[in-house]
Amino acid sequence: MAITFTNIWETKILDTIRSFLNEEFAGAIPIYTGKFKDMGSQSIRLNPIGSEILEYNTTAETREYILDVSYTFKEHMVKKDTWDHILRQVSHIEALFFQNQNNTFHNGRFETMVVNEKTEEEEAIEGLNVIRWEWRCSYIGNIS
């Protein structure tokens, strides 16, 4: 017997986030998923981390999905005007996620934000700066 299922990560979470980010930034900031890529002067990366079961019963399950969201920008000498621009982008991104907290998923929220906590691949790119958030949301799936 074949089961029916939905790829929750792709269709309910990542596609939804890519959609509202691409709509807002209209190609000005590349949005991508998965392994780190050097995407030029700035980009937003969506990297799935995992999920945890919140509620389980015989007709459905609610999971919390965890995503690493990073905004990267290249600037060798970060001065006050640059920080103003960067922090404006950070607030813009946070506002977009807040505005879409209940989309195909629910209770989407940034838990933490760190500045320049880089992966090994990111460290290798000269002048790369990284703003990184842990984002979480819930989704009810496997409904029978």
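- Between Val115 and Glu117 the shortest side-chain heavy-atom distance does not fall below 4.5 Å.
- Note on Trp135: it clusters hydrophobically with Ile8, by side-chain heavy-atom contacts below 4.5 Å among ILVMFWY residues.
- Heavy-atom neighbours of Glu10 CD from other residues, nucleotides or ligands within 6.0 Å: above the threshold of 12.
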One pair to check against side-chain hydrogen bond (donor to acceptor under 3.5 Å, both in side chains): Arg45 and Ser70. What are the steps and the verdict? CA-CA 5 Å; Arg45 175 181 172 216; Ser70 57; 4.8 Å; no

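- Note that CG of Leu46 and OG1 of Thr33 are 4.5 Å apart. Values are rounded to the nearest 0.5 Å.
- The distance from the CD1 atom of Ile66 to the CD atom of Glu111 is 9.0 Å, given to the nearest 0.5 Å.
- Under the 4.5 Å side-chain heavy-atom criterion for grouping Ile, Leu, Val, Met, Phe, Trp and Tyr, Val90 is connected to Trp83 within one hydrophobic cluster.
- Taking 4.0 Å as the cut-off between side-chain N and carboxylate O, Arg132 and Glu122 count as a salt-bridged pair.
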Worked verdict on Gln89 versus Tyr71 for side chain to side chain contact (heavy atoms under 4.5 Å, CB included): CA-CA 9 Å; Gln89 289 288 56; Tyr71 167 61; 3.6 Å; yes

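- Annotation: Tyr139 is not in aromatic contact with Trp9 [ring centroid separation under 6.0 Å not met].
- Test Ile31, Asn100, Ile29, Leu96 against Glu24 for side chain to side chain contact (heavy atoms under 4.5 Å, CB included) and you get one pass: Leu96.
- You'll find the ring centres of His85 and Phe73 outside the 6.0 Å limit.
- Put simply, the side chain of Lys35 never gets that close to the backbone of Asn47: no donor and acceptor are under 3.5 Å apart.
- Within a 6.0 Å radius of OH in Tyr32, other residues, nucleotides and ligands contribute more than 12 heavy atoms.
- Between Glu64 and Arg109 there is a salt bridge, since a side-chain N of the basic residue sits under 4.0 Å from a carboxylate O of the acidic one.
- Residues Trp133 and Val130 do not share a hydrophobic cluster, clusters being chains of Ile/Leu/Val/Met/Phe/Trp/Tyr side chains in contact below 4.5 Å.
- The closest donor-acceptor contact from the side chain of Asn57 to the backbone of Thr59 lies under 3.5 Å.
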Test log, rule side chain to side chain contact (heavy atoms under 4.5 Å, CB included), inputs Met113 and Ile131: CA-CA 7 Å; Met113 188 268 280; Ile131 306 294; 3.6 Å; yes

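- A side-chain donor-acceptor contact under 3.5 Å links Thr11 to the backbone of Asn7.
- A tilted orientation is assigned to the rings of Phe97 and Phe110, their planes being inclined by 30° to 60°.
- Side chains of Lys74 and Met39 form no contact here, defined as non-hydrogen atoms less than 4.5 Å apart.
- For the pair Pro48 and Leu14, the minimum side-chain heavy-atom distance is below 4.5 Å.
- Separating the CD1 atom in Ile44 from the CD1 atom in Ile93 is a distance of 4.0 Å, to the nearest 0.5 Å.
- In this structure, CG on Asn142 lies 4.5 Å from CD on Glu61, to the nearest 0.5 angstrom.
- Side-chain atoms of Asn129 come within 3.5 Å of backbone N or O of Gly127 as a donor-acceptor pair.
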